[in-house]
Every structure is written in structure tokens, then in C-alpha cells.
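First comes the structure, then the notes that go with it.
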Protein chains: 2
Amino acid sequence: MTTTGRRTTRRTDALSRERIVDAAIDILDTEGERGLTVRALAARLATGSGAIYWHIGDKDGLLAAVTADVVGRAVTGVAGSVTPREALFAIASEVFDVIAAHPWIGAQLAREPWQPAMLRIFDSLGEQIRALGVPPESQFNVATALLNHVLGLACQYAAGARLVLQHGDPSTFLGEQAARWEQLNPSEYPFVTDIASQLPGHDDRAQFIAGIDLILAGVTAQRQAP
Amino acid sequence: MTTTGRRTTRRTDALSRERIVDAAIDILDTEGERGLTVRALAARLATGSGAIYWHIGDKDGLLAAVTADVVGRAVTGVAGSVTPREALFAIASEVFDVIAAHPWIGAQLAREPWQPAMLRIFDSLGEQIRALGVPPESQFNVATALLNHVLGLACQYAAGARLVLQHGDPSTFLGEQAARWEQLNPSEYPFVTDIASQLPGHDDRAQFIAGIDLILAGVTAQRQAP
DNA sequence: ACCTGAACACCGTTCAAGT
DNA sequence: ACCTGAACACCGTTCAAGT
């Protein structure tokens, strides 16, 4: 930037893959998935659509890069002196938070489960599972179970947040949803109609933590009685 | 059809919401998500695009209807004389199979988690969880954990199947994937590079069942020592 | 009530042409 | 090497007009 290089960085607004990714994230966050068009991207970056294609191969490629970027920034290494269990909660929280903040990530990850972004999360979880002493033959399964739990709940939360944005305020929203569930046909939805009354007091974050506890309890139980 | 009704069913090809949904499923299965356009739908049904819009509100609406239809057909009631645990495996298998057969469902469910199709699965699982004797305050959490596990693994499997279709045959595919994982930077992906050797012998279906066992083991463990 | 198909306002992507 | 912007082959959706 302010190095001795003369005109190597001609303008601060020189187009780059990085700047395109950043602009794309911004559009996705503010306008949603449908707002991200190559033309909108070009307009925001004050360039032509062809320039976008020179830096990125493809719109699909851009979406993959954008997802990897956001997830990569969120899932950082864990601080040293914590227990594996604490680290696990920390990682899961990071993932939960990043999806809550960028609701479009969920659909993106579901489309291509083994993309780099997913692998990063999977690896972070796996390390801690190993540190926890889970036997090698179970590590893959436990890591996957945790990954699915985090992703599933985060998508659920993101969808809820999206609905709250569209409709009324957060407090009444769960009540309305509960009312809708209660009005379902009990012979068709016996469980949902019954459990609807629990919905108003529901907390996604608490459920998220409870689920991790559940899976970890399963691990210990299976280790004691295999 | 061959009833006494005279011309009440003028032609067998009279357009209807049902026929549109069926055609859409067919296109999604054979051509993929990108192949499903209103024009392609109209051409296959030998009609104009306007006719499609008269029966369905919207392409989003069509996708929701299509998803509900496929999931609804797959998740049927469970036969009477089985244990809740067996029923749980049966339901989870139905969901797994339907996503494996129609890979596009995964992304569709992730986009809108509380749509009717999802609620049906959630309810079926919940009933059996209740039958299993899980305490009321845990039922919601356990049902969600199972739902997320099934959906996550099914998406993973569907993506794998998609890749197998594109690239080589299934047997070599896992080996190639393992090789790719092994070539990753071990300091960046310590867990994945380490576990890569397990991949060739990996069986999605076995992992799917192991995950359910893990969650159920967690339930019993937490009930004994809450 | 149900269907037709042209028309509108968009898309992603390419590519000759510029600097 | 990097960028421009017109052009191509599509989209979803609407709507006057038909039956």
C-alpha cells in the first residue's frame, strides 16, 4: 500500500478477486441471494461484467469462493488453554454465528457438502474430538454428527431470522408460529400439535448447546458400554 | 377414467396442478435443478407458459409443492408391530432414500427449514421419540438432532452420488477422494489428512445408522444421569 | 374457467475491441 | 495483462386475446 513501490498499485480501486468477493458478500448480506447478479457486482465495482469474468471463472465459482472466505474467516484456531469440550463449543458457536449472520451460507453448503469451507469446519471439530479421546473408529461418525447438528440448527435459526425480518417482531413471531402449529390436524401431526406449546419459550442457542451435549453424552455412553 | 362419466375428463392430458408437479419432478430428476424452467415444463406438457402460471402461483411455489409431494409420498406411516426404535430407523431410512433418489431435495429443504415437508418428517420422528419414553422437555431437542442428522447425511450422500455420476465409477471414487484429502496440508487439516485412510472403506448407510445409535445412546445416558 | 403465445424486463456468459 | 460493453441465448412473469 504505502510501500516504496511507485505505481504498482495504480489506484486503490484496482479490481481483484478479493475485492469482487468482498463486494459479493456485501450484496448477499444486504440484498439476498437474488440480488447477487454479475451486473449488480459490476455496477458496484464501477466496471464492466467482462472484467468480473476475467478474475473469477464463473458465478458458481464466485459463490464457492465467497462461502470459503466467510467460513474461513469465522472458523479460526482455538486459544490454547481450554479443554477439548470447551473448544468444541467454541468452534460450533463460530459456525452457528457465521450462518446466523449470513443466512445464504446454509443453502450454499447444502448444495456441495464436501467443499473446502465444509472441510475446514469438519477438521476443526475432528481435532477436538480426537483430543477428547474418542476412539479412532468412532471419530469420523462423531465429527459428522456434530457437523450436521451445527449446520442444521444454524439453517433453522437463519430461516427464523429471515421470517422475523419479513413479518413482525421477534417476540410475537414464535407465538404466531406456535398458534399455526396448534391449528394443524392432530391426527396428521400428533407430535407437532402437542409440542407447539413449548415453542414460545424456545431458544435456538440453548437447543444448539443441548444437542452438542446429547451427542457427547452418546459418545461417553458408547465408550463405557460398546 | 373408464367410469360412466361421459366427457367429464375430456382428455387424459387435461392440465392440472398434479400433472405439473409430476412433470417437474421428472425434469428435476433427469435434467437437474437447472433444467427445470417454466418453458421446459410447458413444452413437456404441450402447453404455453401462461397455462403453468394459471395452476401454480410461482416457480418458488412449484418447488415447495414438488418437495412436499415427494417427501409426503416417501414418509408414510409405520407398520404397527415394531418397536419405536425400529420405527425410528425405518423413518430415517425413508428420508435418507428419498433424498438419495432426488438429490435436489436437500438444497430445497435447507432453504426453508420449516416448510410442510420438513414438518412431516419432524412429526414422524417426534412420535417415535415420545413412544421411546424420552422425557417431554428433551423431546424437541432429540427430534431436532435426529432430523439434522438424517438431512445432513442424506445431502452428503446425494452430493457423493452426483460426483460419481459426473466422474468415474463408484469404487474408485472414494479412493480418489481419499488421495485428495491426504494431499492436503497436514498443519492446516490435521484431522482430515489423518482420517483420509478410512475413507475408501466408508459406507454412508452404515454411518447413517451409527449416528442414530449415537444420538439414542446420548438420550439414555442423559436420562440415567441427568 | 382455462389456455395461448407474444412481450417485458431481466439473467449468465462470451468476445471482439480497446488500453 | 487487464478492462469495456455490445451481443447472444437464455430466464421468470405478465397479460391481452382467444376458446
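Lettering follows sequence order; numbering is per chain, from 1.
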d([atom1], [X]; [atom2], [N]) in whole Å:
| X | N | atom1 | atom2 | result |
| --- | --- | --- | --- | --- |
| A/I27 | C/dG12 | CD1 | P | 11 Å |
| A/Y53 | C/dA17 | OH | C1' | 19 Å |
| B/D60 | D/dC11 | CG | C1' | 14 Å |
| A/R17 | D/dA1 | CZ | C1' | 17 Å |
| A/L63 | C/dG12 | CG | C1' | 12 Å |
| B/L45 | C/dG5 | CG | P | 14 Å |
| A/L41 | D/dG5 | CG | P | 16 Å |
| A/I20 | D/dC2 | CD1 | P | 12 Å |

Checklist entry - Does C/dA7 have a Watson-Crick or wobble mate here (both distances under 3.5 Å), and if so which one? => result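 Paired with C/dA7, as far as the under-3.5 Å criterion goes, is D/dT13.
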Item to check | Counter-base of D/dT19, judged by Watson-Crick or G-U geometry with both distances under 3.5 Å | outcome: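 Its partner is C/dA1 (Watson-Crick or G-U wobble, both distances under 3.5 Å).
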Next on the checklist: Both A/R34 and A/I52 contact DNA chain D. Taking the nearest nucleotide for each, which residue is further toward the 5' end?
Outcome noted: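 Comparing both residues, the 5'-ward one is A/I52.
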Checklist entry - Which atom names give the shortest non-hydrogen contact between B/D123 and A/P190, and what distance separates them? => result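 Closest pair (atom of B/D123, atom of A/P190, distance): OD1-CD, 3.1 Å.
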Next on the checklist: At 4.0 Å (heavy atoms only), tell me whether A/L36 reaches a base, stays on the sugar-phosphate, or touches nothing.
Outcome noted: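 It contacts sugar-phosphate atoms only.
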Item to check | Side-chain N,O (B/H55) to OP1/OP2 (C/dA1) below 4.0 Å | outcome: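 Checking B/H55 against C/dA1: no side-chain N or O falls below 4.0 Å of OP1 or OP2.
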So which nucleotide from [options] ends up closest to the side chain of [X]?
| X | options | value |
| --- | --- | --- |
| B/S49 | C/dT13, D/dC3, D/dT13 | D/dT13 |
| B/T37 | C/dT13, D/dC11, D/dT14 | D/dC11 |
| A/W54 | D/dT13, C/dA1, D/dC2 | D/dC2 |

Next on the checklist: Return whichever of A/R39 or B/A46 has its heavy-atom-nearest nucleotide of DNA chain C closer to the 5' end.
Outcome noted: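 Its nearest nucleotide lies further toward 5', so the answer is B/A46.
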Item to check | B/F122 ring center near B/W114 ring center (under 6.0 Å) | outcome: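 Yes; B/W114 has its ring centre under 6.0 Å from that of B/F122.
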Next on the checklist: Quick check with a 6.0 Å cut-off and a 45 degree axis cone: is B/R130 positioned over the face of A/F191's six-membered ring?
Outcome noted: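 So B/R130 doesn't make the cation-pi contact.
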Item to check | Whether B/Q115 side chain and B/E112 backbone form a donor-acceptor pair below 3.5 Å | outcome: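 A pair under 3.5 Å: yes.
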Checklist entry - Are there more than 12 heavy atoms of other residues, nucleotides or ligands under 6.0 Å from atom CD of B/Q198? => result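 Yes, because the 6.0 Å sphere around CD of B/Q198 holds more than 12 heavy atoms from other groups.
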